[in-house]
J.: 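Dropping a structure here in structure tokens format, bear with me for questions.
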Amino acid sequence: MTVVALSGGVGGAKLSLGLYRALPADALQVVVNTGDDFDLLHLRICPDLDTALYTLGDREHREQGWGRRDESWDLMGTLESLGEPMWFKLGDADTALHVLRTHRLRSGIRLTEVIDDVRRQFGIRARILPMTDCTVATRVETDDGELAFQEYFVRRRCEPRVRAIRFEGAATAHTTAEVLAALDAPELEAIVLCPSNPYLSIDPLLAVPDLRAALEKRRVPLIAVSPLIGNTAVKGPTAKIMAELGVASSATAIAAHYAGLIDALVIDTIDAQHAAHLPIPAFATQTLMRTLDDRVRLAEFVLARARELGR
Ligand code: GDP
């Protein structure tokens, strides 16, 4: 039996790690957002894919929430000393991955293959699949004009007020044979939509037409985990963006956002009062993932509910 997880960065990687530990090692395939990908110093950077690689490969910096642990910063320090403003932090080992990826992409190797090779080098038995090998770029329309995703997220620290979000290139992009095969596999048991930012991390996946179509014609339950706990985000701008877009941040709004796509929503026990008002089944449990045990326990809960739905 296999499971496909749909993931953005940190929130998605936390549950992906729980699923990876809860399932047989080769039973998980994680489809990851690439809308955040961008070029810096001519290097191709894929933040969400790298977060998945570092987290499942046990190399992530847990407290910081991004990048690798045991990282050194010589390259960035040298670039700064030469006058290059470094608003996006580039650790040495992290940059080695960006150099390797850029080199291989330029040699004509697909992003899917580049990532697959790195995950093997990291000893990860789950598959980590980019949502597409095409270029899709998240653009954020704000009160300060339209910003490229990393301009908004890192350089401007999500401060500008969001008016709309679009995914440049998504309408003409297509997903990969690997993603379609994962979603169509006879042994597929469930699809788990991780507690990632719906607007910035999951919507880009859903904007790729053949990926959305494959999700819609699935034969297995699609169960989502809400990224909100007590109507607020654990980290990042999810609730802020919802407020700016005129949406009340609540489990009800998350269910409405994914209406027509998900079969059930896992919410935090704090939000259990929303369950009765949702048009789909909602299952309440503790969803804050502080420790590895929290991640595995939530993953087991999600898998058990998915199995019940699939009966
Ligand atoms: P990013 O691309 O690195 O911002 O990461 P994601 O989009 O994957 O995750 C951001 C979302 O994860 C935020 O909305 C958080 O509320 C959510 N999140 C982070 N940690 C947890 C957690 O422990 N439990 C739940 N339920 N959500 C979480």
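These numbers were taken from a predicted model, which means no experiment stands behind them. Both counts, for ligands and for their atoms, begin at 1 and track the order of listing.
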J.: Look at the rings of Phe283 and Phe301 and say which category their plane angle falls in: under 30° parallel, 30 to 60° tilted, over 60° perpendicular.
T.: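 Perpendicular.
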J.: Taking only heavy atoms of Gly9, which atoms of ligand 1 are found under 4.0 Å from at least one of them?
T.: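 Listed by number with element: 1 (P), 2 (O), 3 (O), 5 (O), 6 (P), 8 (O).
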J.: Would Pro227 count as a polar contact of ligand 1, with the cut-off being nitrogen or oxygen pairs under 3.5 Å?
T.: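 Right, the criterion is met.
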J.: Tell me: protein heavy atom nearest atom 25 (C) of ligand 1, and distance?
T.: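 The answer is Thr287 O, 3.5 Å.
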J.: Which residue owns the protein heavy atom closest to atom 12 (O) of ligand 1, what's the atom, and how far is it?
T.: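 Checked against all protein heavy atoms, atom 12 (O) of ligand 1 sits closest to Pro195 O, 2.8 Å.
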J.: For atom 23 (O) of ligand 1, what is the closest protein heavy atom, and at what distance to 0.1 Å?
T.: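 Checking every protein heavy atom, the shortest distance to atom 23 (O) of ligand 1 gives Met289 N, 2.7 Å.
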J.: Need the ligand 1 atom indices (1-based, order shown) with element for anything under 4.0 Å from a heavy-atom of Thr238.
T.: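 Matching atoms, with element in brackets: 13 (C), 14 (O).
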J.: Between Arg104 and Asp117 (salt bridge meaning N to carboxylate O under 4.0 Å), is one present in this structure?
T.: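 Yes, Arg104 and Asp117 are salt-bridged.
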J.: Can Arg139 be said to sit on top of Phe149's aromatic six-ring, NZ or CZ under 6.0 Å from centre and within 45° of the ring axis?
T.: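 Geometry flag: not set, cation outside 6.0 Å or 45°.
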J.: Before signing off on this row, confirm whether Lys14 and ligand 1 have an N or O atom pair separated by under 3.5 Å.
T.: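 So ligand 1 has an N or O lying under 3.5 Å from an N or O of Lys14.
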J.: Just to confirm my output: which protein heavy-atom neighbour is closest to atom 5 (O) of ligand 1, and how far is it?
T.: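 Result for atom 5 (O) of ligand 1: Val10 N, 3.0 Å.
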J.: Give the residue, atom name and distance (to 0.1 Å) of the protein heavy atom nearest atom 9 (O) of ligand 1.
T.: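 Protein heavy atom at minimum distance: Gly11 N, 3.2 Å.
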J.: Is the centre of the His61 ring less than 6.0 Å from the centre of the Tyr54 ring?
T.: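 No, ring centres 6.0 Å or more apart.
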J.: In Å and rounded to the nearest 0.5 Å, what is the CD to CD1 distance from Gln29 to Ile191?
T.: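 The CD1 atom of Ile191 is 11.0 Å from CD of Gln29, to the nearest 0.5 Å.
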J.: Which of the atoms of ligand 1 are close to Gly12, meaning less than 4.0 Å from one of its heavy atoms?
T.: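 Those qualifying, in numeric order: 8 (O).
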J.: Do the non-hydrogen side-chain atoms of Leu183 and Arg218 ever get within less than 4.5 Å of each other?
T.: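 Result no, sub-4.5 Å side-chain heavy-atom pair not found.
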J.: Within a distance under 4.0 Å of any heavy atom of Asn197, pick out the atoms of ligand 1 and give their elements.
T.: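 Answer for ligand 1: 6 (P), 7 (O), 9 (O), 10 (C), 11 (C).
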J.: Closer than 4.0 Å to some heavy atom of Asp48 - which atoms of ligand 1 meet that?
T.: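 Under 4.0 Å from Asp48, ligand 1 has these atoms: 2 (O).
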J.: Measure the distance from atom 7 (O) of ligand 1 to every protein heavy atom, then report the residue, atom name and distance (to 0.1 Å) of the closest one.
T.: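 For atom 7 (O) of ligand 1, the nearest protein heavy atom is Ser201 OG, 2.6 Å.
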J.: Nearest protein heavy-atom contact for atom 26 (N) of ligand 1: which residue, which atom, what distance?
T.: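 Checked against all protein heavy atoms, atom 26 (N) of ligand 1 sits closest to Ser226 O, 3.0 Å.
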J.: So which heavy atom in the protein is nearest atom 8 (O) of ligand 1, and how far is it from that ligand atom?
T.: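 For atom 8 (O) of ligand 1, the nearest protein heavy atom is Ser196 OG, 2.6 Å.
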J.: Under 4.0 Å between a side-chain nitrogen and a carboxylate oxygen: does that hold for Arg69 and Asp58?
T.: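 Counted as a salt bridge, because a side-chain N and a carboxylate O are separated by less than 4.0 Å.
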J.: Between Arg219 and Ala185, which heavy-atom pair has the shortest distance, and what is it?
T.: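 Distance-wise, the nearest heavy atoms are NH2-O, 4.0 Å.
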J.: Can you tell if the side chain of Leu211 reaches within under 4.5 Å of the side chain of Val179, non-hydrogen atoms only?
T.: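 Answer yes - side chains close enough.
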J.: Which of the numbered atoms in ligand 1 are under 4.0 angstrom from any heavy atom belonging to Lys235?
T.: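 Numbered from 1, ligand 1 contributes 13 (C), 14 (O), 15 (C), 16 (O).
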J.: Taking both backbone and side-chain atoms of Phe153, is any N or O found less than 3.5 Å from an N or O belonging to ligand 1?
T.: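 N/O-N/O distance under 3.5 Å: no.
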J.: Provide the closest heavy-atom pair for Gly91 versus Thr95 in the form atom of the first, atom of the second, distance.
T.: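 Closest approach of Gly91 to Thr95: O-OG1, 2.6 Å.
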J.: More than 12 non-hydrogen atoms from neighbouring residues, nucleotides or ligands closer than 6.0 Å to CZ on Arg290, yes or no?
T.: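 No, CZ of Arg290 has 12 or fewer neighbouring heavy atoms, counting only those of other groups under 6.0 Å.
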